[in-house]
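One structure is given below, encoded as structure tokens.
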There are 2 protein chains.
Amino acid sequence: MINSRLAVAIHILSLISMDEKTSSEIIADSVNTNPVVVRRMISLLKKADILTSRAGVPGASLKKDPANISLLEVYRAVQKQEELFAVHENPNPKCPVGKKIQNALDETFESVQRAMENELASKSLKDVMNHLF
Amino acid sequence: MINSRLAVAIHILSLISMDEKTSSEIIADSVNTNPVVVRRMISLLKKADILTSRAGVPGASLKKDPANISLLEVYRAVQKQEELFAVHENPNPKCPVGKKIQNALDETFESVQRAMENELASKSLKDVMNHLF
DNA sequence: TCAAATGTAACTATTATAGTTACAACGGTG
DNA sequence: CACCGTTGTAACTATAATAGTTACATTTGA
């Protein structure tokens, strides 16, 4: 299972899109987490050019319309790991299977990851928010 | 990132399909892990009706041709969690967003997961093994 | 009958993730 | 223009998932 960061990021972005003055404390209260966790997430979303925020000023502002923020860009903003599936480290190169398994899996997993990412790309923050009301 | 179980399971199944007498110790040596980890995985694959094995008898036997073993069934065999994405626990029900976010995300994440699973379903163990030679 | 293997429980180790504490820096408001 | 509330971030701790290990009862083929 993939971590809950995409879920939390979407929650944060939804609140901000409704009220750009929502502080990290209020957001944390809605998400049920710590304000620092929210601020860290906002920092990642900022690096990804999804929103802006300034020290000392409560809240944050989306840089784009929710309809133009795809879940894929949010996902990539908050996800360290590029790869969807982990592979096992150091398979035995003396075994013909161990020697080539990582390459074989890379090719296979890539298309699966692409399928998932295409679906994420097809959905926007607005699409999710439409389910909120 | 999803754990390495699918990768390890495919590695194990590849070795078994090439030689059904391969012991958990030899498999572990190729994967670079502990024989018990391999036996646990084999136990899961057995429960999923993908292979058979017997106490005291080295190796295991596939119950189907590699071309008829989809990566989705392997994935489901070794993966405890049904859900692809985690959601954050106990969002605040007093907040209109917190109250409905999980439902909204469930609907959204479901189609993404389905896209990934469809791609896994379209690939067989044999497809992966074709990359090994 | 016995050496070698599996099956599994119980424990430990490792790592990713999330949560927390602390505090410097910033800025709008009175 | 000082102050209070806020952000930004570092550093640390806690938690949980995963993998690795030890130990041993059970099975079986030679």
Side-chain angles (χ1 to χ4, degrees), chain A residues 1-9 11-12 15-16 19-48 51-61 75 77-91, chain B residues 1-9 11-12 15-16 19-48 51-61 75 77-91:
Chain A
M1 184 152 69
I2 297 172
N3 58 46
S4 66
R5 286 186 194 177
L6 178 57
V8 172
H11 191 151
I12 292 170
L15 289 168
I16 288 173
D19 179 2
E20 303 208 327
K21 294 193 177 52
T22 317
S23 70
S24 62
E25 179 142 5
I26 290 175
I27 294 173
D29 188 56
S30 174
V31 173
N32 181 37
T33 185
N34 191 290
V36 174
V37 172
V38 172
R39 297 205 282 269
R40 276 201 291 241
M41 206 71 112
I42 286 176
S43 168
L44 290 173
L45 294 167
K46 199 172 175 174
K47 277 184 195 128
L51 51 70
T52 59
S53 68
R54 289 164 60 215
V57 183
S61 304
Y75 176 76
V78 299
Q79 217 62 40
K80 280 271 158 68
Q81 285 304 137
E82 283 263 314
E83 284 76 26
L84 178 57
F85 294 101
V87 294
H88 196 277
E89 300 288 288
N90 307 318
Chain B
M1 184 152 68
I2 298 172
N3 59 45
S4 65
R5 286 185 193 178
L6 178 58
V8 173
H11 192 151
I12 291 171
L15 288 168
I16 288 173
D19 179 2
E20 302 207 328
K21 294 195 177 52
T22 317
S23 71
S24 62
E25 178 143 3
I26 290 174
I27 294 173
D29 188 56
S30 173
V31 174
N32 181 35
T33 184
N34 191 291
V36 174
V37 172
V38 172
R39 297 204 282 269
R40 276 203 291 243
M41 208 69 114
I42 285 176
S43 169
L44 291 173
L45 294 167
K46 199 170 172 174
K47 276 185 194 127
L51 51 69
T52 59
S53 67
R54 291 161 58 214
V57 184
S61 304
Y75 175 76
V78 299
Q79 217 63 38
K80 279 273 157 66
Q81 285 302 135
E82 283 263 314
E83 285 74 28
L84 178 57
F85 293 101
V87 294
H88 196 276
E89 301 287 289
N90 309 315

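Every chain is numbered from 1, with letters handed out A, B, ... down the list of sequences.
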**Complete:** Separation of dT6(C) atom C1' from Arg39(B) atom CZ, nearest Å, is 6 Å

**Message:** Does dT8(C) have its OP1 or OP2 closer than 4.0 Å to a side-chain nitrogen or oxygen of Ser43(B)?
**Reply:** yes

**Presence of His88(A) side-chain N/O under 4.0 Å of dG20(D) phosphate oxygens OP1/OP2** = yes

**Request:** Please state how far atom CD1 in Ile12(A) lies from atom P in dG8(D), giving the value in whole angstrom units.
**Result:** 12 Å

**Asked** Taking the side chain of Val37(A) as its heavy atoms from C-beta onward, which of dT22(D), dG19(C), dA5(C) lies nearest to it?
**Response** dG19(C)

**Closest to the Val36(A) side chain, choosing from dT20(C), dT7(D), dT22(D)** = dT20(C)

**Request:** Please determine, for the side chain of Ala55(B), which listed nucleotide (dT21(D), dT6(C), dG8(D)) has the closest atom?
**Result:** dT6(C)

**Request:** May I have the distance from Glu89(B) (atom CD) to dA18(C) (atom C1'), rounded to whole angstrom?
**Result:** 12 Å

**Nucleotide nearest Arg40(A) when distance is taken to its side chain, options dA19(D), dA11(D), dC26(C)** = dA11(D)

**Message:** Applying a 4.0 Å non-hydrogen cut-off, can you work out what Val57(B) is touching in the nucleic acid: base, sugar-phosphate, or nothing?
**Reply:** sugar-phosphate

**Prompt:** OP1, OP2 of dT6(C) versus side-chain N and O of Ser24(B): anything below 4.0 Å?
**Reply:** yes

**Item:** Side-chain touch Ile16(B)/Ile42(B), heavy atoms, less than 4.5 angstrom
**Value:** yes

**Request:** Return the value, rounded to whole Å, for the distance between atom CE of Met41(A) and atom C1' of dG8(D).
**Result:** 16 Å

**Prompt:** For Ser4(B) and dT18(D), is the shortest distance between a side-chain N/O and OP1 or OP2 below 4.0 Å?
**Reply:** no

**Request:** Quickly work out the Asp29(A) CG to dT20(C) P distance and round it to whole Å.
**Result:** 13 Å

**Request:** Measure from CD1 on Ile26(B) to P on dT6(C) and round the result to the nearest Å.
**Result:** 9 Å

**Request:** Supply the atom-to-atom distance Lys21(B) NZ to Ile26(B) CD1, rounded to the nearest 0.5 angstrom.
**Result:** 12.0 Å

**Request:** Would you indicate which nucleotide in dA18(C), dT18(D), dT6(D) comes nearest to any side-chain atom of Ser23(A)?
**Result:** dT6(D)

**Asked** Separation of Asn3(B) atom CG from dA16(C) atom P, in whole Å?
**Response** 13 Å

**Asked** What is the distance from CE of Met1(A) to C1' of dT17(C), rounded to the nearest Å?
**Response** 12 Å

**Asked** Can you tell if the side chain of Ile2(B) reaches within under 4.5 Å of the side chain of Leu84(B), non-hydrogen atoms only?
**Response** yes

**Item:** Contact under 4.0 Å: Ser53(B) side-chain N or O vs dT6(C) OP1/OP2
**Value:** no

**Asked** How is Lys46(A) classified with respect to the nucleic acid when contacts are heavy atoms under 4.0 Å: base, sugar-phosphate, or nothing?
**Response** sugar-phosphate

**Message:** Once rounded to the nearest 0.5 Å, what's the spacing between atom OG1 of Thr22(A) and atom CD1 of Ile12(A)?
**Reply:** 11.0 Å

**Request:** Show the numbers, then the answer: is there a side chain to side chain contact (heavy atoms under 4.5 Å, CB included) between Glu25(B) and Asp29(B)?
**Result:** CA-CA 6 Å; Glu25(B) 178 143 3; Asp29(B) 188 56; 5.8 Å; no

**Asked** From Asn3(B) CG over to Met1(A) CE, what is the distance, rounded to the nearest 0.5 angstrom?
**Response** 10.5 Å

**Request:** Record whether the side chain of Arg54(B) comes under 3.5 Å of the base of dG29(D) through a donor-acceptor pair of N or O atoms.
**Result:** no

